[in-house]
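Read the structure below first, then the notes.
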Amino acid sequence: MSNEAFKAAMARLAAGVVLVTAQEPPLDPDDPLAPTGEDVGMTATAFMSVSLDPPLVLVSLREGSRMDDLLDEQPRWAVSVLTESQRHIAGRFAMKGRISDRLLFEDIPYVRGEASGALLVGGALATLECRTEQRVPAGDHTLVIGRVLSAALPSAEGGPLMYFRGRYRQLG
């Protein structure tokens with residue numbers, strides 16, 4: 001089987017779109033005055049619920065990506081389930097060769113999660129704060145399983161942002 005055939009088949013699977021966020025640890029964790037690390041974000045479509053008891057979710061990260069490296073050292077992270085009106089956010093954080101994440105977050109409304117310290121997108125359909133429970137190597141990706149520490153429903157407006165056949169789509 002070719003990579004192209006596999007990609008074409010998987011493109012037929014519609015998926016919700018989320019923004020995974022985490023904050024880099026301080027440069028010197030022993031110094032309370034040390035500057036905090038940068039906020040990092042990544043668009044993901046390979047995200048799913050794993051368990052209700054305990055509440056667990058899974059996100060698939062490209063091995064060696066900035067988020068994979070960060071979540072290897074930072075156990076707390078967050079997920080914002082994007083609405084159909086937040087397509088620009090998904091596209092911004094999915095770009096290859098993109099600019100600094102600090103600039104990407106600049107005009108996006110957000111709050112900082114109390115449990116994770118990560119940014120939660122304002123107006124998202126749902127937000128989750130997580131702590132890594134397990135990392136599983138899987139081919140050229142790492143499956144990160146996180147225990148959900150908090151969940152909120154900041155917006156009931158609009159439908160979910162979907163990804164299907166290589167494009168962002170709206171439900172319905």
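Since the structure is predicted, the reported quantities are computational estimates derived from the model, not experimental observations. In what follows, every heavy atom counts, from backbone to side chain, and hydrogens, waters and symmetry copies are set aside.
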| field | Trace of the side chain to side chain contact (heavy atoms under 4.5 Å, CB included) decision for Val40 with Gln23 | value | CA-CA 6 Å; Val40 177; Gln23 185 180 48; over 6 Å; no
| message | Can you tell me if Arg112 has over 12 outside heavy atoms packed within less than 6.0 Å of its CZ? | response | yes
| message | Counting only heavy atoms not in Glu73 (residues, nucleotides, ligands), do more than 12 fall under 6.0 Å from its CD? | response | yes
| message | Does either side chain, that of Glu129 or that of Ser150, offer a donor lying less than 3.5 Å from an acceptor on the other one? | response | yes
Sub-4.5 Å side-chain heavy-atom contact between [X] and [Y]:
X: Ile145; Y: Thr132; value: no
X: Thr21; Y: Trp77; value: no
X: Leu56; Y: Glu133; value: yes
X: Arg165; Y: Arg12; value: yes
X: Val59; Y: Met48; value: no
X: Tyr163; Y: Leu13; value: no
X: Glu24; Y: Arg66; value: yes
X: Val18; Y: Val20; value: yes

Hey, could you give me the [atom1]/[atom2] distance between [X] and [Y], rounded to the nearest 0.5 Å?
X: Leu58; Y: Ser51; atom1: CG; atom2: OG; result: 12.0 Å
X: Leu153; Y: Thr127; atom1: CG; atom2: OG1; result: 7.5 Å
X: Leu103; Y: Arg92; atom1: CG; atom2: CZ; result: 10.0 Å
X: Gln170; Y: Thr83; atom1: CD; atom2: OG1; result: 9.0 Å
X: Tyr168; Y: Gln86; atom1: OH; atom2: CD; result: 12.0 Å
X: Asp140; Y: Leu61; atom1: CG; atom2: CG; result: 11.5 Å

| task | For Arg62 and Asp68, run side chain to side chain contact (heavy atoms under 4.5 Å, CB included): C-alpha distance rounded to whole Å, both residues' side-chain angles, the deciding distance at 0.1 Å, then the answer. | result | CA-CA 7 Å; Arg62 193 180 75 250; Asp68 182 37; over 6 Å; no
| request: Let me see the working for Met162 and Thr45 under side chain to side chain contact (heavy atoms under 4.5 Å, CB included), right down to the final yes or no. | output: CA-CA 8 Å; Met162 304 296 293; Thr45 56; over 6 Å; no
Please find the pair of heavy atoms, one from [X] and one from [Y], that lie closest to each other, and give the distance.
X: Ala124; Y: Pro154; answer: O-CG, 3.4 Å
X: Thr43; Y: Ala94; answer: OG1-N, 3.5 Å
X: Leu71; Y: Ala22; answer: CD2-CB, 3.8 Å
X: Ser60; Y: His141; answer: OG-CD2, 3.2 Å
X: Pro160; Y: Leu125; answer: CA-CD1, 3.5 Å

Would a distance-only check, ignoring hydrogens and angles, find a side-chain to backbone donor-acceptor pair under 3.5 Å from [X] to [Y]?
X: Ser80; Y: Leu82; result: no
X: Asp101; Y: Gly41; result: yes
X: Glu84; Y: Leu161; result: no

| query | Between Leu19 and Val79, does a side chain to side chain contact (heavy atoms under 4.5 Å, CB included) hold up when you go through it step by step? | reply | CA-CA 6 Å; Leu19 184 69; Val79 174; over 6 Å; no
| In terms of ring plane angle, is the pair Phe105 and Tyr110 parallel, tilted or perpendicular, where the classes change at 30° and 60°? | perpendicular
Please check if [X] and [Y] belong to a single hydrophobic cluster, counting links between Ile, Leu, Val, Met, Phe, Trp and Tyr side chain heavy atoms closer than 4.5 Å.
X: Val17; Y: Leu104; value: yes
X: Phe47; Y: Leu52; value: no
X: Val57; Y: Leu120; value: no

